[in-house]
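Bear in mind the structure is a predicted one, so any value in this text is a computation, not a measurement. We're numbering straight along the sequence, starting at 1. Atoms within each ligand, like the ligands themselves, are counted from 1 in listed order.
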Amino acid sequence: MPLDRRSLSERLAAFPRLGLASLPTPLEPMPRLTAHLGGPRLWVKREDATGLGFGGNKLRKLDYVLHEAVSRGADTVVSGGVVQSNSQRQVAAVAAKLGLACHLVVYHGRLAPPTSEYETSGNALLNRLFGAELHDVPWTGDRNVAIRALFSDLEAKGGRPYFVPYGVSDALGAVGYATTIAEIESQAAQSGFTPAAIVHCTGSAGTQAGLVVGAALALPGTRIVGIDIDAEPERVRADVVAFAKEASGLLDIPFDEAGVEVVAGHAGPAYGVPHDATIEAIRLAGRLEALALDPVYSGKGLAGLIALIRERRWREDEDVVFLHTGGAPALFAYQRALGI
Ligand SMILES: Cc1ncc(COP(=O)(O)O)c(C=O)c1O
C-alpha cells in the first residue's frame with residue numbers, strides 16, 4: 001500500500017461537519033501565571049471560546065456527531081449527564097440552533113448532597129433556556145443505559161431520535177476533537193514553538209482520545225497529559241485507549257497506546273467536589289489571567305498542571321499548553337462551595 005502522506009487537516013477534511021463551533025479558538029500566552037509559578041512558559045488554548053451556548057470542548061465533537069444526525073434525518077437529539085453537565089448544555093444549544101427537539105436524561109445522586117443553586121443555576125438554567133426537555137433519573141453508575149432507554153422510548157413513539165453518548169465521547173467525537181491538534185500545530189508554529197506538553201482535564205475520555213491520535217501525526221514530540229477529574233483514572237485511561245483506537249482507524253493514524261498518560265491524584269475527594277487545590281487554581285486563573293475556570297473540570301485540570309509544575313516536570317524554557325475546556329456556567333452553581 002502506498003504511504004499515506006496526508007496532513008492531519010487533510011485527513012480531517014474528509015469528515016463532514018456542521019460548522020457551529022467558532023474555530024479556530026485562540027492560543028494565548030499566560031505570562032502572569034507563568035511568572036507566578038516560575039515557568040515553564042504557559043499558554044492557554046481557549047476551548048471555552050467555541051461560541052454557541054457559552055461554548056466548551058463538546059461543540060467540536062458535536063459539529064461532527066450531529067452532522068451525522070442531520071444527514072440521517074433525525075428530528076430529536078437524546079443525551080444526558082449530571083445536573084450541571086456542560087456536555088448536555090452544549091447538546092441543548094446545538095439542538096436549539098438546528099431546530100431539533102432535545103431530550104436530556106438528568107442524573108441525580110452522583111454528587112450528594114446538592115445545594116439549591118446546584119439544582120437550578122448554571123447549566124441547569126441554560127438547559128431550560130435552550131428549550132431541552134429534561135428527564136430526571138437516579139444515578140446508577142452506568143453513563144449511557146438511561147439515555148439508551150429514553151432513545152428507545154422516543155423511537156417507539158414514532159420519533160426519529162439520534163443518540164448522543166454521555167460526554168459526546170465516541171470515535172467520531174474523538175475525530176472531531178483531533179481538530180484541536182491541527183489548530184495548535186499551526187498556531188504554535190506561528191508563535192515559534194513546539195509544545196512540550198498539552199495538559200487538560202479528562203473524564204468521559206473523548207477529548208483526550210482525539211488529542212492523542214491527532215498528536216501522534218501532527219505533534220509527535222508533544223506529550224498529551226490528561227488530568228483525571230472522575231477519580232477513576234484506570235477507567236478513564238481504558239476509555240481513552242478504546243476511543244483512540246477506533247478514531248485512529250477512521251483517520252488512518254497509528255498511535256502507541258503505551259504513551260497514553262492519565263494522571264491520578266487531582267480529582268479531590270470525588271467527582272464534582274472542588275477541593276483546596278481546585279479553588280486555588282480557579283482563583284489564580286481568574287486573578288492573573290482573567291480566565292473563568294470551573295470547579296468540576298477545568299479548575300481540577302489546572303490544579304493538576306500546577307502540581308506537575310511544582311514537581312519540576314518541565315524546564316523553564318519549555319512551552320506547555322493548558323486546554324481550557326470550558327465549564328464556566330457551573331461556577332454559578334458552586335458559588336457557596338467556592339466561597340467566591
Ligand atoms: C468543561 C469540561 N472540560 C472537560 C471535560 C472532559 O472532556 P471528556 O469528557 O471528553 O473527557 C468535560 C466533560 O464533560 C467538560 O464539561
Side-chain angles (χ1 to χ4, degrees), residues 25 44-50 53-62 64-65 79-93 104 107 110-111 122-123 126-127 143-144 164-180 198-214 224-233 235-244 247 260-263 266-267 271-272 274 278 281-282 285 291-305 322-331 333-334:
T25 58
V44 58
K45 175 71 172 160
R46 297 293 305 272
E47 294 292 280
D48 59 319
T50 51
F54 278 73
N57 60 335
K58 310 295 179 182
L59 287 181
R60 263 186 211 276
K61 304 179 184 181
L62 287 166
Y64 291 80
V65 171
S79 193
V82 296
V83 177
Q84 287 298 331
S85 161
N86 302 294
S87 176
Q88 58 181 3
R89 182 250 307 158
Q90 289 165 83
V91 172
L104 299 174
Y107 293 113
R110 190 173 178 195
L111 285 86
N123 289 306
L126 292 171
N127 287 338
R143 291 166 161 73
N144 284 312
V164 177
Y166 190 100
V168 202
S169 282
D170 60 10
L172 188 56
V175 167
Y177 212 79
T179 56
T180 313
I198 298 171
V199 181
H200 66 101
C201 59
T202 183
S204 69
T207 296
Q208 189 166 4
L211 294 172
V212 295
V213 172
I224 306 299
V225 181
I227 306 291
D228 163 51
I229 52 77
D230 264 341
E232 295 176 344
R235 195 274 305 153
V236 173
R237 191 178 181 284
D239 286 350
V240 173
V241 169
F243 294 137
V260 172
E261 179 175 2
V262 173
V263 178
H266 304 288
Y271 168 80
T278 315
I282 291 173
L291 294 171
L293 303 185
D294 80 280
V296 182
Y297 294 98
S298 52
K300 289 187 177 177
L302 184 62
L305 171 56
F322 174 64
L323 215 64
H324 182 349
T325 43
L331 277 173
Y334 277 82

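Heavy-atom contacts of Gly327 reach the following atoms of ligand 1: 1 (C) (cutoff under 4.0 Å). Counting the atoms of ligand 1 from 1 in the order shown, those under 4.0 Å from a heavy atom of Ala205 are 8 (P), 9 (O), 10 (O), 11 (O). Per-residue contacts place Lys58 under 4.0 angstrom from the following atoms of ligand 1 (heavy atoms of the residue considered): 7 (O), 8 (P), 9 (O), 10 (O), 12 (C), 13 (C), 14 (O). Counting atoms of ligand 1 from 1 in the listed order, those under 4.0 Å from a heavy atom of Cys201 are 3 (N), 4 (C).
When only interatomic distances are considered, the shortest N/O to N/O separation between Asp294 and ligand 1 does not fall below 3.5 Å. Taking distance alone, with nitrogen or oxygen atoms compared against 3.5 Å, Thr325 approaches ligand 1 more closely than that limit. Looking at Ser298 next to ligand 1, no N or O pair under 3.5 Å apart turns up. Any N or O atom pair closer than 3.5 Å counts here, and Gly326 shares no such pair with ligand 1.
Taking 4.5 Å as the limit, every side-chain heavy atom of Leu305 sits out of range of all side-chain heavy atoms of Ile227. Using a 4.5 Å cut-off on side-chain heavy atoms (C-beta onward), Thr202 and Thr207 make no contact.
Cation-pi geometry between Arg89 and Phe54 is not satisfied (NZ or CZ under 6.0 Å from the ring centre, within 45° of the ring normal).
Contacts of Lys61 with ligand 1, taken as heavy-atom pairs under 4.0 Å, involve the side chain alone. Contacts of Asn57 with ligand 1, taken as heavy-atom pairs under 4.0 Å, involve the side chain alone.
Remark: of the listed residues Leu62, Leu59, Asn86, Leu62 is the sole one forming a side-chain contact (heavy atoms from CB on, under 4.5 Å) with Val91.
Partners of Asp228 under the side-chain contact (heavy atoms from CB on, under 4.5 Å) rule, at least two apart in sequence or in another chain, are Asp230, Pro233, Val236, Val262, Ala267.
The closest protein non-hydrogen atom to atom 16 (O) of ligand 1 is Asn86 ND2, 3.0 Å. Annotation: atom 9 (O) of ligand 1 to nearest protein heavy atom, Ser204 OG, 2.5 Å.
Taking 4.0 Å as the cut-off, Ser169 counts as a neighbour of ligand 1 on heavy-atom distance. For Glu47, the closest heavy-atom approach to ligand 1 does not fall below 4.0 Å.
In this structure, Tyr107 contributes its side chain and Arg143 its backbone to a donor-acceptor pair below 3.5 Å. A donor-acceptor distance shorter than 3.5 angstrom exists from the side chain of Lys61 to the backbone of Gly167, with no hydrogens or angles considered.
Residues Ser298 and Thr325 approach most closely at CB-OG1, 4.1 Å, considering heavy atoms.
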Checking Val82 against Tyr166 for the side-chain contact (heavy atoms from CB on, under 4.5 Å) test, could you report, in this order, the C-alpha distance in whole Å, the side-chain angles of both residues, the deciding distance, and whether it holds? CA-CA 10 Å; Val82 296; Tyr166 190 100; 3.9 Å; yes
